[in-house]
There are 2 protein chains.
Amino acid sequence: MKRSNLQLTTECRRVSTILSRIGDKWTILVVRELGGGSKRFSEIKRGLGSISQKMLTTTLRALERDGFVNRTVFPTVPPRVDYELTPLGHDLLKPVRTLSEWALTNAERIEKAQRKFDASADRRAAA
Amino acid sequence: MKRSNLQLTTECRRVSTILSRIGDKWTILVVRELGGGSKRFSEIKRGLGSISQKMLTTTLRALERDGFVNRTVFPTVPPRVDYELTPLGHDLLKPVRTLSEWALTNAERIEKAQRKFDASADRRAAA
DNA sequence: CTGCATCCCTGTTGATACTG
DNA sequence: CAGTATCAACAGGGATGCAG
């Protein structure tokens with residue numbers, strides 16, 4: 001092993017952190033909404049439908065903090081706020097798409113495994 | 001738009017579900033532990049250090065249910081249980097590696113964005 | 001229109017103790 | 001050694017009301 005286990009763990013934590021961000025409930029959906037270009041708050045909200053104001057704000061703030069999204073405030077009345085992916089955000093989309101495609105391709109296999117697992121769990125519970 | 005929005009949403013949910021699994025606190029770390037080959041429960045636990053017994057069990061069960069991991073019980077005394085990646089599990093490793101590499105490559109950029117964001121947040125708080 | 005503050009409920013996580 | 005059970009602590013997430 002060339003790199004120490006500690007270093008590998010640190011790397012893994014970094015990866016885990018990013019995976020947690022993109023694996024959370026709304027991030028992917030929001031990023032996809034923005035994939036087509038700049039949108040304002042209420043447009044994103046409408047596009048997702050079921051998200052609460054609070055969670056959309058929270059998600060967008062996290063994305064902004066990570067440098068994936070730019071936030072632009074127009075000091076008009078009523079106020080208007082636009083969000084768009086940064087270059088880093090667009091870049092993130094690539095590996096995410098790879099994973100997404102894998103997920104779609106293999107969803108069937110996974111669901112089949114789940115059904116099988118649940119079936120034997122039921123059998124055991126019934127015994 | 002060829003596919004209905006509803007269909008796209010369904011696909012997204014599937015992707016989201018899988019991303020949630022691999023984005024959770026321990027999954028990636030456990031999968032990496034098993035990347036090198038079969039290991040028993042306590043070996044994995046030792047390899048991770050900070051994980052609790054309960055969470056390791058939970059994580060392994062979820063991976064088993066999704067068909068990513070095989071669980072083999074040796075009815076010896078004391079008992080021995082081995083875990084190993086299934087072909088599907090190994091397959092999952094590929095897109096995850098892509099994302100991991102991206103994450104490591106761009107960790108610097110992300111952390112820089114975070115520092116910048118936090119700094120302006122502090123400035124605003126101080127005002 | 002955007003978004004912060006608050007309350008509250010829920011699921012998740014972890015520490016501890018116990019069993020086959 | 002591997003796993004379950006229980007309980008306490010905490011974070012995620014939604015509803016509502018207020019503010020710039």
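Keep in mind that the numbers below use all heavy atoms, side chains included, and drop hydrogens, waters and symmetry copies. To find a chain, count down the sequence lines: A is the first, B the second, and so on, and within it residues start at 1.
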Out of [options], which has the shortest distance to the side chain of [X]?
X        : options                  : answer
Lys54(A) : dG14(C), dG3(D), dG14(D) : dG14(D)
Val81(A) : dG3(C), dG3(D), dC1(C)   : dG3(C)
Pro79(B) : dT4(D), dA2(D), dT2(C)   : dA2(D)
Ser52(B) : dG3(D), dG14(C), dG13(D) : dG14(C)
Arg61(A) : dT13(C), dC4(C), dC1(C)  : dC4(C)
Ser42(A) : dT2(C), dC4(C), dA2(D)   : dT2(C)
Met55(A) : dG3(D), dT2(C), dG13(D)  : dG13(D)

Compare side-chain N and O positions of [X] against OP1 and OP2 of [N] and report whether any pair is under 4.0 Å apart.
X        : N       : answer
Trp26(B) : dT12(C) : no
Tyr83(A) : dG3(C)  : yes
Arg40(A) : dT2(C)  : yes

- request: On DNA chain C, check which nucleotide each of Arg71(A) and Lys25(B) is closest to and give me the residue with the more 5' one.
  value: Arg71(A)

Taking [atom1] from [X] and [atom2] from [N], how many angstroms apart are they, rounded to a whole number?
X        : N       : atom1 : atom2 : result
Leu48(B) : dG14(C) : CG    : C1'   : 15 Å
Leu56(B) : dT4(D)  : CG    : C1'   : 14 Å
Glu64(A) : dT2(C)  : CD    : C1'   : 14 Å
Phe41(B) : dT4(D)  : CZ    : P     : 9 Å
Leu29(A) : dG13(D) : CG    : P     : 12 Å

message: Just to be sure I understand the rule, does Phe74(B) reach a base, reach only the sugar-phosphate, or reach nothing, if contact means heavy atoms closer than 4.0 Å?
response: nothing

Applying the 4.5 Å side-chain criterion to the ILVMFWY set and letting contacts propagate, would [X] and [Y] be lumped into a single cluster?
X         : Y         : answer
Trp102(A) : Leu104(A) : yes
Leu85(A)  : Phe117(B) : no
Val73(A)  : Val77(A)  : no

From CA spacing to verdict: salt bridge (Lys or Arg N to Asp or Glu O under 4.0 Å), Lys94(A), Asp91(A): CA-CA 6 Å; Lys94(A) 293 173 203 163; Asp91(A) 219 48; 3.1 Å; yes

- request: Please figure out whether Gln53(A) or Asp24(A) has its closest DNA chain D nucleotide nearer the 5' end.
  value: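 Counting from the 5' end, the first nearest nucleotide belongs to Asp24(A).
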
message: Both Thr57(B) and Arg46(B) contact DNA chain D. Which one's nearest nucleotide lies toward the 5' end?
response: Arg46(B)

task: Drop me the distance from Arg21(A)'s CZ to Leu92(A)'s CG, to the nearest 0.5 angstrom.
output: 11.0 Å

